[in-house]
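Note on naming: letters A, B, ... go to the chains in the order of the sequence lines (proteins, then strands), and numbering restarts at 1 for each one. No experiment lies behind these values; they were computed from the predicted model shown.
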Amino acid sequence: MLNHLRPALVLTLAFTALCGLAYPLAMTGLAQALFPIQANGSLILKDNRVIGSALIGQSFVSDTYFHGRPSATTDTDPTDSTKTVAAPYNAANSSGSNLGPTSQALIDRIKADVATAQADHPGPVPVDLVTSSASGLDPDITPAAAAFQVARVAKARHTSEDQLRALIAAHTKERLAGLIGEPTVNVLELNLALDDLPAH
Amino acid sequence: MTIQGLVQFVLFLALLVAAMPVLGGYMARVFGGESLPFRSLMGPVERFIYRLAGVNPGREQHWTAYAGSLLAFNLLGAVVLYALVRFQGLLPVNPGGVSGVSPALAFNIATSFVTNTNWQAYSGEQALSLLSQMMGLTVQNFLSAATGIALLLALIRGLTRRNSKTIGNFYVDVVRATLYVLLPLSVVMALFLVWQGVPQTFSSPAVVNTLEGPIQTLPEGPVASQLAIKQLGSNGGGFYNANAAHPFENPTPLANLIQTWSILALAAALTFTFGRMVGDQRQGWALFSVMAVLFLLGLGATWWCESQPNPLLAGLNIDQKTSTLQAGGNMEGKEVRFGIAASALWATATTAASNGSVNAMHDSFTPLGGLVLMINMKLGEIVFGGVGAGLYGMLVFVIITVFIAGLMVGRTPEYLGKKIESREIKLAVLALLVVPVGVLGFGALSLVLPAGAAAISQPGPHGLSELLYAYASAVGNNGSAFGGFGADSTYQETMIGLVMMIGRYLTMIPLLAIAGSLAAKKLVPPSAGTLPTHGPLFISLVMGVILIVGGLTFFPALALGPVVEHLAMIHGISF
């Protein structure tokens, strides 16, 4: 075994230097030079303040904004560090609900989310609006989920539904080349555009 | 199930097959010792490492010495990684200010990353410093993949050499796999990922004042460089807890497609390399066909299952139908930008390939969708499988198949001109027994011991599925999980760590012994009685053996978990 020690040690150290240090450092240098916006998290600035990342969803509860999907992320309970509390869109702790399809806890949660959603609109709720995403940080909703919320937002903002539908259409990202991925609406970008609409 | 979904699958397969001759041919050149495109750049580095290590690259090793080198190298890697995460609180490059992890978790992390499993019993963004992610995890992502490739090369040499005492030099195999294959590919992949939106920085977490008020903290780091190798090297350990479902790890549908390709790219290409190195390309394509057919069967089943509405939500006034405005189907634990098709594709690829990264939460998959993922792992991670590991696992089944075929016609079994005799069969069966022992043996132990059963988070059959999935993932060195499973107890951290080592090394050692014994044999010229091992007959035989061995071994356990859950679900029973 001892004659295996020197090569094992040298290879471990050499590759730690090469793959663990030189490689990530070189990639960081190249990334910062070539794609500085993406390399730093695609942050969105407004009035010189960072108000979000184009890639990370935020929690929206007000009637005047479009809402994202339910988020199952948690945070440490401030009163008891051994417990966790619900903290939607907590980007410091990405996670899904991990509830199985036959879980009563899942069904109860979805029932409550359906009830909340139906306050806006009596029709069937698009499934993505009442299911939590895999990361808990999904930035997107489906075009169906955006359309579902138009009436509420129009009422709260005293604006026309047609204007909002046009805004959604402008912010709907279609499949890449018509094939890859799914059509999406980025909730944060849509809400920022809402704020930029001329007041009535 | 949409046309666009189907088109994405076709595109994916086209990409996979088109890259095979390129990557596979290139690897055959690297490991055949021919002239190399990166030699002017990497040659001096390679020679410098050999000189420092006292390795004579021309000197080959007997299989026992090869195994000794492999074990010593992996053991040392585990010790270094253990120390790094245990004492990360005292070490630099720790902008999040995290402290060292517990001994049991450090053991779990060390074995997990050295065995190419990347099971994560912790939350990446919360528990690990940037130094640990970079100099610990990223390094083992490279080296564990290189170790898998090395073992495959040793086995190929065993098949192709005659009357030889040696099967290659472990250090040369690992160094070449890292310098000429994994590192250059990772550089390209990392830059592509940054372009698509994956962060690559050393700054502190970004603090964001959200539109509605609350503060949001976005942990960042050298993410892209780690993701590139975690996908290519069939590792799977994410930078973030949500892995490739996290928008920073997988920001766009294009990034998703290329990352899904990179899960299988090297494993598929190695079948081409195999054909080239054994001197008969048809042998490589035959093994690829076995893998591809099993993969497509699994993909079709998962896609169909996940496209279905959840019957338990039927009366709740929810629109679960597929339309032009939404993917519909089982969207719990899935991201909108991937929908159903791209989530099913990734899930099938990652469990087939022992990668274990996820872009959707497998715990929330439909019972039968989850069943397919478990079967992929329980077949022994041979449907493409880990880099190197998948193909050497497949060769175990090939050996069993030629033995069974030989029994049927009453001839001594042969494979590629080598007689397969009692010693090889015994060793192959030993390697085959590892998965059932890991899943059923250790799974049963965890069920009956209160400390083990406490990890189950959900009542009813789904709880059993969580446990079966965890041990299948560990022994197959996959690393994905039904995330609700409470893997963060001392019992589970220790036992799962143990099972990961059993799954890795108790497969590798018998295989190296097979390689050694095959290398020493002479070549038998093919005769009229030789079973051709490249035709449809042989391909079907191998598939039959795989499904019978895998299916019969695990059917009773799977019947109690996912099958019961499915029956409950369609009858409207929840737990």
Side-chain angles (χ1 to χ4, degrees), chain A residues 4 6-8 10-12 14-16 19-20 23-24 27-28 31 35 38-42 49-53 55-56 58 60 91-96 98 100-104 107 114 124-128 131 133-135 137-144 176 179-182 184 191, chain B residues 4 7 49 52-55 68-69 72-73 76 134-135 138-139 142 171 190 194-195 197 199-201 206 208 210 216-218 220 222 225 240-242 245-247 251 253 310 316-320 325-327 331-333 335-337 339 360-361 363 366 458 462 483-484 565 569 574-575:
Chain A
H4 297 305
R6 178 176 162 200
V10 169
L11 258 61
T12 303
F15 284 123
T16 302
C19 303
Y23 161 67
M27 288 302 102
T28 307
F35 311 108
Q38 294 97 312
N40 293 306
S42 309
R49 280 194 337 157
V50 179
I51 52 131
S53 161
L55 297 176
I56 304 291
Q58 297 184 0
F60 289 104
N93 191 18
S94 59
S95 137
N98 285 316
T102 57
S103 152
Q104 189 57 45
I107 295 162
V114 170
V125 188
V127 65
D128 63 304
T131 46
S133 61
S135 62
L137 305 172
D138 197 338
D140 302 315
I141 51 177
T142 59
L176 183 65
L179 299 171
I180 301 167
E182 301 287 335
T184 56
N191 285 335
Chain B
Q4 286 91 345
V7 171
I49 292 176
L52 221 58
V55 169
S69 301
F73 181 59
L76 189 75
M134 202 168 70
M135 291 185 70
T138 305
V139 172
F142 279 99
Y171 304 113
V194 178
W195 171 52
Q200 179 73 21
T201 167
V208 166
T210 61
Q216 199 180 32
T217 309
L218 309 178
E220 297 182 41
S225 55
Y240 298 100
N241 189 42
H246 196 295
N310 183 344
L316 296 182
N317 205 9
I318 297 171
D319 182 5
Q320 301 188 72
L325 294 181
Q326 67 165 15
M331 280 302 287
E332 179 71 18
E335 300 277 300
V336 167
R337 64 195 178 284
M361 292 301 136
D363 209 347
T366 59
Q458 285 176 56
H462 196 78
E565 193 190 5
M569 185 179 79
S574 59
F575 298 92

### Query
With only heavy atoms counted, which part of B/His246 is less than 4.5 Å from chain A, the side chain, the backbone, both or neither?
both
### Summary
Bottom line for A/Val127: the part with an atom under 4.5 Å from chain B's heavy atoms is both
### Summary
One option among B/Gly197, B/Gly339, B/Pro222 has the most heavy-atom pairs under 4.5 Å with chain A, and it is B/Gly197
### Task
Heavy-atom distances under 4.5 Å only: say whether B/Gln320 touches chain A with side chain, backbone, both or neither.
both
### Query
Given that the side chain runs from C-beta out, which part of B/Gln326 has a heavy atom under 4.5 Å from chain A: side chain, backbone, both or neither?
both
### Query
Do B/Thr138 and A/Tyr23 meet the criterion of a side-chain donor-acceptor pair at a distance under 3.5 Å?
no
### Message
Tell me every residue that passes ring-ring contact (aromatic ring centres under 6.0 Å, His included) with A/Phe60, counting only those two or more places apart in sequence or in another chain.
### Response
A/Tyr65
### B/Ser225 side chain to B/Gln200 side chain, donor-acceptor N/O pair below 3.5 angstrom
yes
### Donor-acceptor pair, side chain of A/Asn98 and main chain of B/Asp363, under 3.5 angstrom
no
### Query
How would you list, by chain and number, every residue that makes a side chain to side chain contact (heavy atoms under 4.5 Å, CB included) with B/Ser574, sequence neighbours excluded?
A/Gln104, A/Ile107, B/Leu312
### Summary
d(A/Cys19 SG, B/Met135 CE) to nearest 0.5 Å is 11.0 Å
### Query
Between B/Ala242, B/Pro253, B/Ala53, which has the largest tally of heavy atom pairs under 4.5 Å with chain A?
B/Ala53
### Task
Select one option (side chain, backbone, both, neither) describing which atoms of A/Ala14 are under 4.5 Å from chain B's heavy atoms.
side chain
#### Entry: B/Phe142 versus chain A, the contacting section by heavy-atom distance below 4.5 Å
side chain
### Task
Mind checking the CG-OG spacing from A/Leu137 to A/Ser95? Nearest 0.5 Å is all I need.
9.0 Å
### Query
So, the side chain of A/Gln38 versus the backbone of B/Trp195: is there a donor-acceptor pair under 3.5 Å, distance only?
yes
#### Entry: Interchain contact, B/Gln458 with chain A, by part (heavy-atom threshold 4.5 Å)
side chain
### Query
Counting heavy-atom pairs under 4.5 Å to chain B, which of A/Leu55, A/Asp140, A/Asp138 comes out on top?
A/Asp138
#### Entry: Residue part contacting chain B, namely of A/Leu179, when any heavy atom lies under 4.5 Å
both
